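To start, I am sharing the structure in question, which I have written as structure tokens.
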Number of protein chains: 2
Amino acid sequence: MTKPQVARGRADQGTLSRRERVREATLAEIKAIARRHLVEHGPSGVSLRAVAREMGMTAPGLYRYVSGIDALLIAITADMFDELADAVAAADASVPEEDTDRRILTSLRAFRTWAIDHRSEFAVMFGPRARLDPNADITPGLAAARRFAATFYTLFDRLLVERRFALPDRAQVTPDLDRELRSFAERCGFSAPHIPVEAVMVLTSCWVRLYGVVCMEVFDHMSIVMGDLEPLFEAELRAVLTDLGVRYEPPGDTSPSTIGTPD
Amino acid sequence: MTKPQVARGRADQGTLSRRERVREATLAEIKAIARRHLVEHGPSGVSLRAVAREMGMTAPGLYRYVSGIDALLIAITADMFDELADAVAAADASVPEEDTDRRILTSLRAFRTWAIDHRSEFAVMFGPRARLDPNADITPGLAAARRFAATFYTLFDRLLVERRFALPDRAQVTPDLDRELRSFAERCGFSAPHIPVEAVMVLTSCWVRLYGVVCMEVFDHMSIVMGDLEPLFEAELRAVLTDLGVRYEPPGDTSPSTIGTPD
DNA sequence: CGCTTTAGTGAACACCGTTAGCAAACACTG
DNA sequence: CAGTGTTTGCTAACGGTGTTCACTAAAGCG
């Protein structure tokens, strides 16, 4: 139907035809502008007409590229998850491979930093789906979201095999919880023979704690009552890591044997 | 200017004049309809025109009662905080006054229950301010929000004076954190001579954990990967309460000496 | 060259928030 | 009672939104 059977100029080599290239480019432009409107005017400030206007086009023209405003939002959400995954992965990779402790610390801080540097994006990604149909198809973003989570799975798995922390009592995992945790682990790609449900429970619990602080900070609810939430995040981070048997270091510490980037 | 100096029929006794009464009534109707639209069509489904239409009025007419859509949203948000505060307070009051443990358990469960029974409302109250000006005046809701929090302050204070849990090391409270925690405690009405900052830290930490699970559940992010998040909330609740030295009981338990409501 | 596919436009429909001006209903005063 | 000022709600209008449809112009292909 919509499959383009034209433009097979050099399609043999996997090269895109001229048409496909320019198409890809305008789609990228659309998403870029929409993204900018998102950060500049908030989630409600993204509109097809405004994007089109800025491109020197009319709104209906965009329907050749995007099936509607919802699809556009979903598409840029997927891109943002990709970006976040990149940011976290980069932070992880910036630390020596063997230094699990600092890799975790750095990755988690990268998550928070990205979140507060991209508040509007975070709101769309992790907040309520205020603008979208509840039954919209959000599969485009799922792969990126999984990639984002994967970084943490890998690190957490290392803690697990190194037996850094004591697993909680199996008795604490009620049948209901057990079922849900298994579902989570399996559908998220965090299931392996050596991973017990208790470990999955610890993982989710830790994630919930940090997610909670970041939400609180990004959604800006405490601002009347508390100026800066970074200390709170650090405290929570410290607590979580300590529970996991991971060495915590305060933010400023560039510490020994590492390249000095004093800024 | 806008102060109504008319209608002083029986104003001496504090009774509202006929005009004020009908005005109050239509304002209430506006908010009620807006509220229904919120729960039925989500946050983006609230519009002045639709409300007016349903009332048999035109949109500009509503401007006699509400200064715009933002003010309307803020007003119903305040109402919702009031409702939530009532729900939590009622849950708290449904338990014998001396039974601190179960009062806490019940109040916190009431919070979650209210949240998942009122997803759209929760999104507006605790999610990102997607639709509002960041610098909008949200004072109307503040009092209600404080009232909501107050229930938990009271209960937490009892744990504190009963020395139910060990306070963390003072060393863990960095100067930055200390400053923020004091600001929080003071501006929230949770400061008293006998309350150390370490206690405030514990309080916020506990709150963050439960807020995190509830956000996750209401914002519906895990749904692809985990069907029901209640077991997760219960696990987190159990962990939090255990840390606080509070007796945890699984949900179904109506336990001895209490009225049996087996449904 | 002709033919097909695609990109983009303009007009239109149905919404939205908000402002301005105006007419009727109301409440109080002389 | 009539007179007067306030309150209420309307219509009209402006500018914004998403979306559909019919249509033209261009690009690509054989």
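In what follows, every chain begins at residue 1, and chains take the letters A, B, ... in the order their sequences are listed. Note that the structure is a prediction, hence the values are computed from the model and not measured.
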Practice task
Return the value, rounded to whole Å, for the distance between atom NE2 of B/H37 and atom P of C/dC15.
Solution key: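 Going from NE2 in B/H37 over to P in C/dC15 covers 13 Å.
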
Exercise for the section: Could you tell me the separation between the CD atom of B/E20 and the P atom of C/dC28, rounded to a whole number of Å? Expected result: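 Distance, rounded to whole Å: 10 Å.
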
Handout entry: Protein-nucleotide distance (A/E29, atom CD; C/dG8, atom P), rounded to Å
Key =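 The distance from CD of A/E29 to P of C/dG8 comes to 10 Å, rounded to the nearest Å.
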
Exercise for the section: Salt-bridge test for A/R109 and A/E234: reply yes if a basic N is under 4.0 Å from a carboxylate O, no otherwise. Expected result: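 Answer for the salt bridge query: yes.
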
Can you give each donor-acceptor pair under 3.5 Å made by side-chain atoms of residues 55-64 of chain B, sequence neighbours left out, with the distance rounded to 0.1 Å?
none

Exercise for the section: Might you point out which heavy atoms bring B/I224 and A/R187 nearest each other, and give the distance in Å? Expected result: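 Closest pair (atom of B/I224, atom of A/R187, distance): O-NH1, 2.9 Å.
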
Problem - Length of the CG-C1' vector between B/L73 and C/dG17, whole Å - result: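 Taking CG of B/L73 and C1' of C/dG17, I get 12 Å after rounding.
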
Quick one: side chains of residues 46-53 of chain A, donor-acceptor pairs under 3.5 Å with protein atoms, not counting sequence neighbours, listed by atom name and distance.
from, atom 1, to, atom 2, distance (Å)
A/S47, OG, A/A50, N, 3.0

Problem - Pair listing, ring-ring contact (aromatic ring centres under 6.0 Å, His included) test, anchored in residues 17-54 of chain B, at least two apart - result: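 Listed by first then second residue: B/H37-B/H41.
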
Practice task
Classify the nucleic acid contact of B/G45 as base, sugar-phosphate or nothing, counting any heavy atom under 4.0 Å across all strands shown.
Solution key: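 Nothing: the residue B/G45, judged by heavy atoms under 4.0 Å, touches no strand.
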
Handout entry: Residue whose closest nucleotide on DNA chain D lies nearer the 5' end, A/V22 versus B/L62
Key =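 Of the two residues, B/L62 wins.
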
Exercise for the section: Calculate the interatomic distance between A/R23 atom CZ and D/dA27 atom P; express it in whole Å. Expected result: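 Result: 16 Å.
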
Handout entry: Whole angstrom value for the distance that separates C1' of C/dT6 from CD of A/E24
Key =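 Taking CD of A/E24 and C1' of C/dT6, I get 16 Å after rounding.
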
Problem - Sequence neighbours excluded, every pair satisfying salt bridge (charged side-chain N to carboxylate O under 4.0 Å, His left out) that has a member inside residues 113-126 of chain A - result: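 Matches after skipping sequence neighbours: A/R35-A/E121.
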
Problem - side-chain N/O A/T58 vs C/dT9 OP1/OP2, d < 4.0 Å - result: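 So the side chain of A/T58 is within the cut-off, an N or O lying under 4.0 Å from OP1 or OP2 of C/dT9.
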
Completion exercise
Readout for nucleotides 14-22 of chain D: B = base within 4.0 Å of protein heavy atom, S = sugar-phosphate only, - = neither; 5' to 3' it is ---BBBBB-

Problem - d(CD1, A/I30; P, C/dA7) in whole Å - result: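 A/I30 atom CD1 is separated from C/dA7 atom P by 11 Å.
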
Handout entry: Phosphate OP1/OP2 of C/dG8: any A/Y65 side-chain N/O under 4.0 Å
Key =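 Checking A/Y65 against C/dG8: at least one side-chain N or O falls below 4.0 Å of OP1 or OP2.
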
Handout entry: ring-ring contact (aromatic ring centres under 6.0 Å, His included) partners of B/Y65, counting only residues at least two apart
Key =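 Checked B/Y65 against ring-ring contact (aromatic ring centres under 6.0 Å, His included); zero matches.
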
